[in-house]
Asks: 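Structure below; questions to follow.
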Amino acid sequence: MTGPRPRRRGRLIAVLVVLALGGIGVAATWPRTDPPIAAAKVEPPEPVDPNAAAAPCAPEDLDVGLAADRTAVTPGVPVRFTVSVRNIGQVQCLVDAPRRSLAVTVYEGEVGEPTAERAWSSADCADQDEERLLLLGPGDVDTTSVRWSDSRSAPDCPGGQPKLTAGQYTAQVTLADVEGANSDVVRLTYTVPQPSPSSSGESSADPSGEPSGDPSGKASDEPEANPSGSGEAGESGGGEKSGADEQSDGNAKGDADAKGDQDADAGDGSGKES
């Protein structure tokens, strides 16, 4: 009665194995489904109209540049800065750029450092009533020039500013009406030439080292002429005195000659009478 049971179990196990193998085959050969298509699609950007009404320029629309004709600065030779404002956006925009707003500022030290000292700005002495509104299309650039005569300045352009000292300076352009529109930094070296030894102090002495006056170095015994003419008067008086002396000597000589003639006449007369 217990004999057929093992055969049934074996058949059952065989059927299960076949079903398992068939399921694996079906799973391996069944085509995979594609991923579901996203229902929400990203809409394409609206087309840009370059002729649309101009709006104020944003900082990301502008490329502000600064260049200097030289970086070695000396007293008395101005530096020429070139300032450029370029529209790098896709539409035209407006920017208000008078000199009081589009300003070049020079600092003694590094721009942005706490130790940097503001030395000069093109906005300090600019015309406060100037109007300069720029309409820049895509790719348009506005270029201006600024001269710095190595002097100091302050807001409202007061006078009596101290002179610059030798050292390192930096310059940058800012656009006051567009926050964040700045240029790269330009670095400058200010040098003050040292005076030459010959020009530091000139001597009135002769180049040979001898004192001025008689080349022999001896003092003159003769009195100097008086520019007022008193010396000439003294010489004139001396001349008159000399003439008087000569006249007196002549008169004395004439008297002696006359006396000699009288004596001779007296001698001749006595001889005739005798």
Asks: Classify the ring geometry of Y169 against W148: parallel below 30°, tilted from 30° to 60°, perpendicular beyond 60°.
Replies: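 Ring orientation, 0 to 90° scale: tilted.
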Asks: How many angstroms lie between atom OG1 of T71 and atom CD of Q168, to the nearest 0.5 angstrom?
Replies: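 It comes to 9.5 Å.
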Asks: Which residues pass the salt bridge (charged side-chain N to carboxylate O under 4.0 Å, His left out) test with E110, sequence neighbours left out?
Replies: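 Counting only residues at least two positions away or on another chain, E110 forms a salt bridge (charged side-chain N to carboxylate O under 4.0 Å, His left out) with R187.
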Asks: Please check this pair: side chain of T143 against backbone of S84, looking for a donor-acceptor N/O pair closer than 3.5 Å.
Replies: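 Checked: no pair found.
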Asks: May I ask you to test the Q90-P138 pair for a side-chain heavy-atom distance under 4.5 Å?
Replies: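 Counting from C-beta outward, Q90 and P138 never come under 4.5 Å.
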Asks: Between G109 and A116, which heavy-atom pair has the shortest distance, and what is it?
Replies: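 Reported closest heavy-atom pair: C-CB, 4.4 Å.
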Asks: Rounded to the nearest 0.5 Å, what separates atom CG in N87 from atom CG in L135?
Replies: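 N87 CG to L135 CG: 9.0 Å, rounded to 0.5 Å.
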Asks: Quick one, T165 with E108, criterion side chain to side chain donor-acceptor pair (under 3.5 Å). Give me CA distance, side-chain angles, the key distance, then yes/no.
Replies: CA-CA 9 Å; T165 57; E108 185 174 2; 3.1 Å; yes
Asks: The test is side-chain contact (heavy atoms from CB on, under 4.5 Å); show your working for L94 and L134 and say whether it passes.
Replies: CA-CA 6 Å; L94 292 171; L134 304 177; over 6 Å; no
Asks: Cluster question for you: counting only ILVMFWY and a side-chain heavy-atom cut-off of under 4.5 Å, with indirect links fine, are F81 and V141 together?
Replies: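 No; tracing contacts between hydrophobic side chains, which count when under 4.5 Å, never links both residues.
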Asks: Do V104 and V83 make a side-chain contact, defined as non-hydrogen atoms from C-beta onward lying under 4.5 Å apart?
Replies: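 A side-chain contact under 4.5 Å exists here.
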Asks: Would you mind writing out the side-chain donor-acceptor pairs for residues 57-70 within the sub-3.5 Å range, not counting sequence neighbours?
Replies:
unit_1: D61; atom_1: OD2; unit_2: A58; atom_2: N; d: 3.2
unit_1: D69; atom_1: OD1; unit_2: R80; atom_2: N; d: 3.1
unit_1: R70; atom_1: NH1; unit_2: A72; atom_2: O; d: 2.6
unit_1: R70; atom_1: NH2; unit_2: V77; atom_2: O; d: 2.1
unit_1: R70; atom_1: NH2; unit_2: P78; atom_2: O; d: 3.1

Asks: Please round to the nearest 0.5 Å and tell me the distance separating atom CG of D150 and atom OH of Y190.
Replies: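 Interatomic distance, D150 CG to Y190 OH, rounded to 0.5 Å: 4.5 Å.
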Asks: Can you name the closest pair of heavy atoms from C93 and A54 and give their distance?
Replies: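 Closest approach of C93 to A54, heavy atoms only: CA-CB, 4.2 Å.
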Asks: Step by step, would you call V173 with L102 a side-chain contact (heavy atoms from CB on, under 4.5 Å)?
Replies: CA-CA 7 Å; V173 176; L102 183 64; 3.6 Å; yes
Asks: Could you state whether V185 and Y107 fall into the same hydrophobic cluster, counting links through intermediate Ile, Leu, Val, Met, Phe, Trp or Tyr residues with side-chain heavy atoms under 4.5 angstrom apart?
Replies: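 Both belong to a single hydrophobic cluster.
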Asks: Mind listing the closest non-hydrogen atom pair of E130 and P98 along with its distance?
Replies: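 Closest pair (atom of E130, atom of P98, distance): O-CB, 3.7 Å.
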Asks: I need the T170 OG1 to D184 CG distance, nearest 0.5 Å.
Replies: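 Spacing of OG1 (T170) from CG (D184) equals 12.5 Å.
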Asks: Give a yes or no on this: more than 12 heavy atoms of other residues, nucleotides or ligands lie within 6.0 Å of atom CG of D156.
Replies: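 No.
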Asks: Is the number of heavy atoms from other residues, nucleotides or ligands under 6.0 Å of Q128 CD greater than 12?
Replies: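 Atom CD in Q128 is packed in, count exceeds 12.
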Asks: Checking D124 now: which residues fulfil side-chain hydrogen bond (donor to acceptor under 3.5 Å, both in side chains) with it, not counting sequence neighbours?
Replies: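 If we apply the side-chain hydrogen bond (donor to acceptor under 3.5 Å, both in side chains) test to D124, skipping adjacent residues, the hits are R118, S153.
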Asks: Do T174 side-chain atoms and A176 backbone N/O form a donor-acceptor pair below 3.5 Å?
Replies: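 Here the side-chain-to-backbone pair does not exist.
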Asks: What I want to find out is whether R132 reaches D142 closely enough, with some N-O distance under 4.0 Å, to be called a salt bridge.
Replies: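 Answer for the salt bridge query: yes.
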Asks: I'd like to check L164 versus R152 (side-chain heavy atoms, cut-off strictly below 4.5 Å). Are they in contact?
Replies: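 A side-chain contact exists here, since the closest heavy-atom pair is under 4.5 Å.
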Asks: Give, for atom CG of N182 and atom CG of L175, the distance between the pair rounded to the nearest 0.5 Å.
Replies: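 Rounded to the nearest 0.5 Å, the CG-CG separation comes out at 8.5 Å.
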